[in-house]
Visitor: 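Input: one structure, supplied below.
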Amino acid sequence: MSKVRVLPGAASLVALLAAAPAAAQGALESYAGRWVGTAIAVEAGSWPVIDAGDFVVTISGGRRSFEASWSAVVPVDGGARWDRASTEFERAARPGYYQPDDGADLFEGDPQYWAFAGEGELILGRLQIDEDSGGHLMYVCHLVPSETGMEAMLVLTAAGAETARARVTLVRP
Amino acid sequence: MLPALAATATVRAQEPYEPFLGTYVGRAQALSAEGEVTGIRDLDVIIRPAEGGFGIESITVNHDGDRLEPGVSRRSSAMTFAGSEIDGVYRRSFARDLFATRSELDPIAGDPLQWARIVGDSLLVYSFVLNDDGTYELHTYRRTLDDTGLTLAFTSELNGRMNRAVEGRLIRVEDVMDDLNP
């Protein structure tokens with residue numbers, strides 16, 4: 001076994017380099033696990049589908065990437081319905097942002113996903129253009145850790161409709 | 001009979017954007033989220049055919065009511081849209097350029113994601129952008145045709161909440177190229 005000699009000045013640099021990914025990992029660790037709750041509309045907009053839906057989010061992952069599976073509102077036949085969205089995100093070059101590695105094309109009907117880990121908040125976003133109507137539907141989930149679990153705010157914006165919002169108190173089942 | 005049939009067969013179906021093609025000038029009011037007037041916009045818009053779709057060239061002069069006073073700003077933009085895999089939806093397109101480093105924009109890198117759509121008499125242009133702090137903005141330009149021009153309704157939404165708007169009117173005008181014009 002070879003010995004590695006570390007100079008005093010270099011030791012702090014090594015510590016800093018080691019701490020950077022650990023901090024990023026820590027930011028995501030507080031969201032890890034399976035969380036459940038019921039979405040209650042706080043601003044109905046014109047999309048009642050967002051109200052009283054069972055909401056489940058599962059987050060798992062490592063330092064540079066994570067997998068999110070969550071209840072999402074998706075466009076269908078000119079309307080919308082609850083569905084599951086599952087995406088693997090990897091860290092993007094832009095600070096705080098995570099991107100899917102799926103080669104999706106919004107203009108071929110694929111959903112455009114994004115994630116952002118900020119101070120005390122994880123944002124999961126989904127934008128899709130309905131192939132039937134041509135209208136867009138954007139669904140954004142804001143996750144904020146709380147003393148008892150997590151609070152989620154769901155924001156649904158659709159072409160030609162007022163924005164709808166729902167709140168979910170999430171607990172580990 | 002046969003020539004008449006042949007003539008009918010050669011009639012080209014009109015593209016949905018064709019009624020919007022033209023040159024327009026007008027004026028609009030900028031509004032805050034509370035509906036208060038925050039400024040005046042003088043508008044100059046040209047919508048013209050482009051490869052695979054159409055282009056929109058726009059010049060906006062921002063002022064407080066008198067464009068001869070200091071503090072006036074002028075903004076111009078030009079973008080083209082080409083048909084996409086989704087009927088009625090046009091994606092922002094970029095000119096083919098030998099030296100271009102990119103042909104598509106990346107919203108996660110901070111580039112705006114832009115597309116257009118025609119619904120009835122309205123041409124809608126959307127611009128979606130992810131900000132550095134994780135907030136997201138959606139800008140919607142709705143230009144609706146009438147007998148003499150267009151009405152414009154612009155909204156900017158931040159995290160799904162309207163934070164500013166522009167409402168205005170443009171009339172269709174003759175576009176004259178005149179080198180002798182002073």
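Just so you know, these numbers come straight off a predicted model, no measurement behind them. Lettering of chains follows the sequences in order, A, B, ..., and the numbering in each one begins at 1.
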Visitor: Pick from A:Ile123, A:Asp105, A:Leu106: which one has the most heavy-atom pairs with chain B under 4.5 Å?
Guide: A:Asp105

Visitor: Between B:His139 and B:Tyr126, does the ring centre distance come in under 6.0 Å?
Guide: no

Visitor: Using non-hydrogen atoms only, which part of A:Glu119 is less than 4.5 Å away from chain B: side chain, backbone, both, or neither?
Guide: neither

Visitor: Does either side chain, that of B:Ser122 or that of B:Thr144, offer a donor lying less than 3.5 Å from an acceptor on the other one?
Guide: yes

Visitor: Without hydrogens or angle criteria, can the side chains of B:Arg92 and B:Thr80 be said to hold a donor-acceptor pair below 3.5 Å?
Guide: no

Visitor: Tell me, for B:Thr135 versus chain A, whether the close heavy atoms (under 4.5 Å) come from the side chain, the backbone, both or neither.
Guide: backbone

Visitor: Which atoms of B:Leu124 come close to chain A, meaning under 4.5 Å heavy atom to heavy atom: side chain ones, backbone ones, both, or neither?
Guide: neither

Visitor: Please flag which part of B:Asp133 lies under 4.5 Å from any non-hydrogen atom of chain A: side chain, backbone, both or neither.
Guide: backbone

Visitor: Does a donor on one side chain sit under 3.5 Å from an acceptor on the other, for B:Arg172 and B:Thr148?
Guide: no

Visitor: With a 3.5 Å distance limit and no angle check, can you tell me whether B:Asp111 reaches the backbone of B:Asp106 through a side-chain donor-acceptor pair?
Guide: yes

Visitor: Report the option among B:Leu138, B:Asn131, B:Val89, B:Val119 that has the most heavy-atom pairs separated by less than 4.5 Å from atoms of chain A.
Guide: B:Asn131

Visitor: Only pairs of heavy atoms separated by less than 4.5 Å count here; which of B:Arg161, B:Met162, B:Glu85, B:Glu157 has the most with chain A?
Guide: B:Arg161

Visitor: From the options A:Tyr113, A:Phe89, A:Phe66, select the one residue that forms a ring pair (Phe, Tyr, Trp, His ring centres under 6.0 Å) with A:Tyr98.
Guide: A:Phe66

Visitor: Checking heavy atoms, do the side chain of A:Leu127, its backbone, both or neither come under 4.5 Å from chain B?
Guide: side chain

Visitor: Would a line drawn from the ring center of B:Phe54 to the ring center of B:Phe20 be shorter than 6.0 Å?
Guide: no

Visitor: By a 4.5 Å heavy-atom criterion (distance strictly below it), what part of A:Ala92 contacts chain B: side chain, backbone, both, or neither?
Guide: side chain

Visitor: Among B:Thr140, B:Asp87, B:Asn159, which has the most heavy-atom pairs under 4.5 Å with chain A?
Guide: B:Asn159

